[in-house]
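The chains referred to below are lettered A, B, ... by the order of the sequence lines, with proteins before strands, and numbering in each begins at 1.
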Number of protein chains: 2
Amino acid sequence: MPKATFFNLPREKQEHIFRHAVQEFALHPYEQASLTEIVNQAGIAKGSMYQYFEDKKDLYKYVVDKVYQHKRKFLQPVWALKDNVDFFEFASMYYRRSWHYARQHPEHHRVIVNFWDSRDDAVRDEILHEKQIRSYEFAYMLEQGFKSGVIDPRTDKEAAWFVYHAVAKALIDNFLAPDVNADSHETFINAVLSLLEQGLRPRKE
Amino acid sequence: MPKATFFNLPREKQEHIFRHAVQEFALHPYEQASLTEIVNQAGIAKGSMYQYFEDKKDLYKYVVDKVYQHKRKFLQPVWALKDNVDFFEFASMYYRRSWHYARQHPEHHRVIVNFWDSRDDAVRDEILHEKQIRSYEFAYMLEQGFKSGVIDPRTDKEAAWFVYHAVAKALIDNFLAPDVNADSHETFINAVLSLLEQGLRPRKE
DNA sequence: CCTCCATGTGACCGCCCGGTCATACAGCTT
DNA sequence: AAGCTGTATGACCGGGCGGTCACATGGAGG
């Protein structure tokens with residue numbers, strides 16, 4: 001947690017520091033991100049940074065936390081509809097909204113992607129925490145799908161979770177790939193989700 | 001490419017160096033792997049390393065190349081059957097065999113995983129190259145699936161490629177996770193592939 | 001005007017990194 | 001014995017890193 005000094009700062013200065021930290025953690029994963037670079041870009045002394053935060057990890061956790069709060073808020077409208085739509089509609093809305101987030105806030109998006117790819121031991125604990133949250137969220141939607149009958153009851157739940165998680169991560173990693181065509185990307189997301197819904201094997205109906 | 005000096009070395013010494021390089025690149029991604037650590041562990045002078053290789057990247061490329069050759073050889077029996085089995089059987093055999101590779105050669109496996117997660121610009125070119133190879137291989141199998149009718153002709157090919165690639169990466173990343181139960185993992189792999197084959201939505205048949 | 005305390009500073013520390021180079025050595029040729 | 005060639009060595013270099021610390025600054029309270 002940041003020190004009291006940081007929260008005493010004018011909001012403007014807090015945000016100034018936050019913005020430059022986001023820039024660096026968007027560009028590099030935690031281990032390769034440079035504190036020196038952040039303070040240079042932000043135009044403050046390195047010593048000041050250590051008046052605000054315990055150490056590099058403290059700053060990093062603060063940044064990741066804030067970015068995740070921001071993204072959750074952005075996805076709120078989708079969650080609000082969770083009881084009015086079926087599993088497949090929900091998934092489609094969820095990923096399309098995530099895609100809009102990535103487009104509108106590419107640096108925040110990159111911070112999150114870097115966070116998930118991190119190998120640092122201390123950071124991995126936080127990742128497991130986030131993974132569990134996702135897991136609960138997804139398990140809830142999946143349960144609704146089973147109850148309402150839109151999902152085949154014979155489905156292996158663990159496998160379903162695994163596949164959706166894998167595809168979600170790949171979709172999200174791919175959002176800012178240089179060859180992604182912005183206009184048609186929603187169509188692509190829907191094609192991917194439709195494949196998961198229908199399967200590859202032809203249906204007799 | 002390694003310098004001539006390296007290939008003049010007795011095979012035993014070449015392999016000694018290779019083994020310790022694999023260890024380090026299995027433990028850390030390229031950027032964080034330490035040449036100093038490799039030479040210390042291998043018990044040779046740092047200067048010697050630069051008699052054998054141009055620089056760190058040269059060594060890394062050599063290691064990744066050799067590891068990939070090794071894995072390809074291991075997967076050869078699966079490829080040999082590619083015209084005798086359908087797409088779904090092939091996928092199942094392919095991933096189960098990859099799983100065996102990861103169990104038998106965990107360090108080689110980790111080198112490959114680290115390679116795919118690398119962010120270094122120069123390394124990314126090599127990744128794109130490997131990605132294309134995979135892409136061609138997979139496209140071939142997919143085409144066979146379409147021709148023989150086991151895959152729904154309405155399937156979006158790009159989406160199919162994307163999903164299989166995503167799931168493959170997640171499976172492979174997961175092979176050495178601490179909570180993977182070795183005995184039942186083949187069952188799990190099949191459950192995942194079956195989900196891709198059948199889809200989540202119930203079938204009327 | 002002086003004190004006090006929160007805030008701000010940047011030179012500096014020890015560490016590790018990839019990479020270099022002058023030098024030594026061993027074996028073969030003459 | 002001398003010369004040559006390919007191999008081996010580790011002290012050393014410049015640079016970047018996270019983190020520290022003695023000191024400067026400036027506004028509030030007496």
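A distance-only check finds no donor-acceptor pair linking the side chain of A/His16 to the backbone of A/Arg11 [under 3.5 Å].
Aromatic ring pairs are classed by plane angle as parallel below 30°, tilted from 30° to 60° and perpendicular above 60°; the pair A/His185 and A/Trp99 is tilted. Taking the six-membered ring where tryptophan is involved, the planes of A/Phe115 and A/Tyr60 are tilted, since the angle between them lies from 30° to 60°. Between B/Trp79 and B/Tyr94, the ring planes lie perpendicular to each other; the angle is over 60°, past the 30° to 60° tilted range. Ring geometry for A/His165 against A/Trp161 counts as parallel: the plane angle stays under 30°, on a 0 to 90° scale with 60° as the upper cut. Classification of the B/Phe87-B/Phe138 ring pair by plane angle, with boundaries at 30° and 60°, yields perpendicular.
A salt bridge is defined here as a Lys NZ or Arg NE, NH1 or NH2 lying under 4.0 Å from an Asp or Glu carboxylate O, and A/Glu130 with A/Arg72 meets this definition. A salt bridge does not link B/Glu107 with B/Arg19: every distance from a Lys NZ or Arg NE/NH1/NH2 to an Asp or Glu carboxylate oxygen is 4.0 Å or more.
For the pair A/Lys66 and A/Phe18, the cation-pi test (distance below 6.0 Å, angle within 45°) is passed. By the 6.0 Å and 45° rule, B/Arg97 stacks over the aromatic ring of B/Phe74.
Applying the 4.0 Å criterion to OP1 and OP2 of C/dT7, one finds that A/Asn8 has a side-chain N or O inside that range.
At a cut-off of 3.5 Å, with distance as the only test, no side-chain donor of B/Gln23 or B/His28 sits close to an acceptor on the other residue.
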Under 3.5 Å, which protein N or O atoms sit close to an N or O of nucleotides 3-5 of chain C? Give each pair with its distance.
none

Would you tabulate the pairs of protein nitrogen or oxygen atoms and nucleotide nitrogen or oxygen atoms of nucleotides 13-21 of chain C closer than 3.5 angstrom?
| from | atom 1 | to | atom 2 | distance (Å) |
| --- | --- | --- | --- | --- |
| C/dC17 | OP1 | B/Ser34 | OG | 3.0 |
| C/dG18 | OP1 | B/Ala33 | O | 3.0 |
| C/dG18 | OP1 | B/Leu35 | N | 3.2 |
| C/dG18 | OP1 | B/Lys56 | NZ | 3.2 |
| C/dG18 | OP2 | B/Leu35 | N | 3.0 |
| C/dG18 | OP2 | B/Thr36 | N | 3.4 |
| C/dG18 | OP2 | B/Thr36 | OG1 | 3.4 |
| C/dG18 | N7 | B/Lys46 | NZ | 2.9 |
| C/dG19 | OP2 | B/Tyr50 | OH | 2.8 |
| C/dG19 | OP2 | B/Lys56 | N | 2.9 |
| C/dG19 | O5' | B/Tyr50 | OH | 3.3 |
| C/dG19 | O6 | B/Lys46 | NZ | 3.3 |

Open item on the list: As a quick check of understanding, evaluate side chain to side chain donor-acceptor pair (under 3.5 Å) for A/Glu15 and A/His20, giving each step before the final call.
Closed with: CA-CA 9 Å; A/Glu15 282 166 11; A/His20 284 94; over 6 Å; no
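Counting only heavy atoms from C-beta outward, the side chains of A/Phe25 and A/Asn114 never approach each other to under 4.5 Å.
Taking 4.0 Å as the cutoff to heavy atoms of chain B, we find the contact window on DNA chain D bounded by D/dT7 to D/dG10.
Fit an axis to the five pairs at each end of the helix from C/dT3-D/dA28 to C/dT30-D/dA1 and the two axes sit 30° apart, to the nearest 10 degrees.
Within 4.0 Å of A/Phe6, counting heavy atoms only, lies no atom of the nucleic acid at all.
Residues B/Phe162 and A/Val192 come closest through the heavy atom pair CD2-CG2, 3.9 Å.
Annotation: salt bridge (Lys or Arg N to Asp or Glu O under 4.0 Å) contacts involving residues 50-61 of chain A, sequence neighbours excluded, comprise A/Lys57-A/Asp120, A/Lys61-A/Glu126.
In this structure, A/Gln51 and B/Leu9 both approach DNA chain D, and ranking their closest nucleotides by distance from the 5' end singles out B/Leu9.
DNA chain C lies under 4.0 Å from no heavy atom of any residue of residues 10-25 of chain B.
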